[in-house]
Every structure is written in structure tokens, then in C-alpha cells.
Amino acid sequence: PPVWSDRAMGNILISLDSTEDAIADFVTVVKRKLNTSDTNSLHKGALFLLEVLILMDGEGENYETIYSKKMQQISTMPTWQVAWVRYALAVGLLKQDIDKQQLGLLEFARVASEHGASHPWLAGASMIQIAQSLELSGEIQQAENIRSECIREFPLHPLLLTRGQLRKGK
């Protein structure tokens, strides 16, 4: 969620053992509830949520269609939707081949640089993901630079607290 000052939400995030597993479970439940075979009857908000979740999957029968649709619509979307679509694209692209993963990192960088003031949760999450990806590829100093900048910009970001990133960045 984009608002992390709420104490209850912070406790929920901290209590999650594996954010990735929780997200995967959430996606499964939402897709089942939204009945993806009949998207024409969905409310616009529910349809947007479904499309974001499909983009975050990075694969599946509807992925290419939704990807193309969102790329065509992105210039006319409200800013908040652009931020979420770009973040979802980045998450999905990281699950693909190395060339797509590089594009995913660029999308995360775009979210962090363009939406930091208006969407701090997404910007911080993007920076954390970039740092983790750089660290995995052996680019330790670059990862630490990004992580330090994230800590400076978003010191109370819940993902810093839940994943132990704050200690790593100091």
C-alpha cells in the first residue's frame, strides 16, 4: 500500500515472513475472485487491479495483450495509474530473460525518479528492488549507493524495515 504511516498496516507488513509468497497468494485469490474470463463486466477499478496483477506476473495467457494495451494507454492515464503500471511492468519483467530484466530495472528507475514525491511507497520499493538486483549481479558498491539513497529519501519505508535493508545500508 502507498500509505505506510498506518500502524496496523505496518504491523501486517512486518509480520509477513515472505512478502513474495504473500503477493503470490494475493494475486491468486484476486484473479479467482475477479473471474478473468469475463473482464467486460468488471468495474474500472477492479479491471485496473486485475491488469496490474497480470503485468506483475510477467507471463500468462493475457500478459502480452495487457502489456500492449497499457503501453498504448499510458500517455493518457492519470499519474497514479502510470506509476502503478510502470511498477507492475518492472516486477513482471524481472521474471523474464536477462534482456527483459534490464528493461525491468529501467522501469524501476523510472518509477523512483519520476514518482518519488507523489508515490513514495512505489519509489522506495523500486529503489530496493534495484539494489537487490545489483547485489545479486555482484555490483555491491552500486547496490549500496542505491540503498543508501533510498534510506536517505524514504527512511521509514516498510520494506526497509521488513527486509532488514536499513541495517545493510548503514
Side-chain angles (χ1 to χ4, degrees), residues 1-30 48-49 51-59 63 66-67 70 74 77-170:
V3 179
W4 62 76
S5 60
D6 180 51
R7 199 176 292 269
M9 184 51 70
N11 290 337
I12 289 169
L13 285 170
I14 290 169
S15 69
L16 293 175
D17 287 334
S18 173
T19 305
E20 302 278 331
D21 290 342
I23 290 172
D25 291 345
F26 178 73
V27 168
T28 302
V29 169
V30 169
F48 180 75
L49 173 61
E51 291 171 341
V52 163
L53 294 173
I54 289 170
L55 290 174
M56 290 177 88
D57 271 352
E59 60 185 17
Y63 176 79
I66 300 299
Y67 179 89
K70 289 300 171 197
I74 206 157
M77 288 180 193
T79 304
W80 72 269
Q81 285 186 345
V82 172
W84 278 98
V85 165
R86 291 206 178 281
Y87 181 81
L89 283 171
V91 170
L93 289 167
L94 278 193
K95 297 175 182 177
Q96 298 180 33
D97 64 50
I98 191 72
D99 291 333
K100 299 282 181 151
Q101 290 173 14
Q102 293 298 317
L103 292 174
L105 291 175
L106 289 173
E107 287 294 340
F108 278 132
R110 192 167 185 175
V111 171
S113 66
E114 294 178 2
H115 303 285
S118 58
H119 302 288
W121 191 92
L122 291 175
S126 295
M127 292 175 81
I128 291 166
Q129 187 59 58
I130 292 168
Q132 289 173 339
S133 294
L134 288 169
E135 194 169 59
L136 286 173
S137 67
E139 299 178 54
I140 305 303
Q141 186 58 54
Q142 293 87 338
E144 295 213 4
N145 292 344
I146 298 286
R147 190 175 290 111
S148 293
E149 182 66 13
C150 183
I151 290 167
R152 189 179 72 72
E153 289 289 324
F154 312 107
L156 298 177
H157 196 287
L159 295 179
L160 289 171
L161 303 173
T162 59
R163 294 184 179 179
Q165 295 292 324
L166 191 55
R167 284 183 291 280
K168 281 186 177 180
K170 283 192 172 179

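Throughout, residue positions are numbered sequentially from 1 according to the sequence presented. As the structure is a prediction and not an experimental result, all values here were calculated from the model.
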Test item: Met77 and Ile74 side chains (from C-beta on) under 4.5 Å apart, heavy atoms: yes
Side chains of Trp84 and Phe48 in contact at under 4.5 Å (non-hydrogen atoms): yes
Distance, nearest 0.5 Å, that separates CD of Glu139 from CD1 of Ile146: 10.5 Å
Close side-chain approach of Ile130 to Leu134, heavy-atom, < 4.5 Å: yes
Distance (rounded to the nearest 0.5 Å) between Glu51 CD and Gln81 CD: 9.0 Å
Distance-minimising heavy-atom pair for Val52 and Ala88: O-CB, 3.5 Å
Partner residues of Gln96 under the side-chain hydrogen bond (donor to acceptor under 3.5 Å, both in side chains) criterion, sequence neighbours left out: Tyr63
Partners passing side-chain hydrogen bond (donor to acceptor under 3.5 Å, both in side chains) against Glu153 (at least two apart in sequence or in another chain): none
Pairs touching residues 95-114 that satisfy ring-ring contact (aromatic ring centres under 6.0 Å, His included), sequence neighbours left out: Tyr87-Phe108
Side chain to side chain contact (heavy atoms under 4.5 Å, CB included) partners of Asp97, counting only residues at least two apart: Asp99, Lys100
Side-chain donor/acceptor of Ser148 to backbone N/O of Asn145, under 3.5 Å: no
Test item: Met127 and Glu149 side chains (from C-beta on) under 4.5 Å apart, heavy atoms: yes
Side-chain heavy atoms of Leu55 within contact of Val85, under 4.5 Å: yes
Beyond-backbone contact of Pro155 with Leu160, side-chain heavy atoms, under 4.5 angstrom: no
Nearest-0.5 Å distance that lies between atom CG in Leu94 and atom CD in Gln132: 10.0 Å
Over all atoms of both residues, closest heavy-atom pair of Cys150 and Gly124: SG-O, 3.7 Å
For the student: nearest non-hydrogen atoms of Ala90 and Gly104, plus distance: CB-O, 3.3 Å
All pairs passing salt bridge (Lys or Arg N to Asp or Glu O under 4.0 Å) where residues 77-92 contributes a residue, at least two apart: Arg86-Glu107
Nearest heavy atoms of Pro158 and Trp121, plus distance in Å: CG-NE1, 3.6 Å
Side-chain donor/acceptor of His115 to backbone N/O of Pro120, under 3.5 Å: no
OG on Ser137 to CG on Leu105, rounded to 0.5 Å: 8.0 Å
Expected output: side-chain Lys70 to main-chain Val82 donor-acceptor under 3.5 Å: no
Side chains of Ile151 and Arg147 in contact at under 4.5 Å (non-hydrogen atoms): yes
Exercise: identify the closest heavy-atom pair between His157 and Ala125: NE2-N, 3.4 Å
Contact list for residues 110-123, test salt bridge (Lys or Arg N to Asp or Glu O under 4.0 Å), sequence neighbours left out: Arg110-Glu114
Heavy-atom side-chain contact between Leu103 and Leu89 under 4.5 Å: no
Minimum heavy-atom distance between Gly116 and Ala123, given as atom pair plus value: CA-CB, 3.5 Å
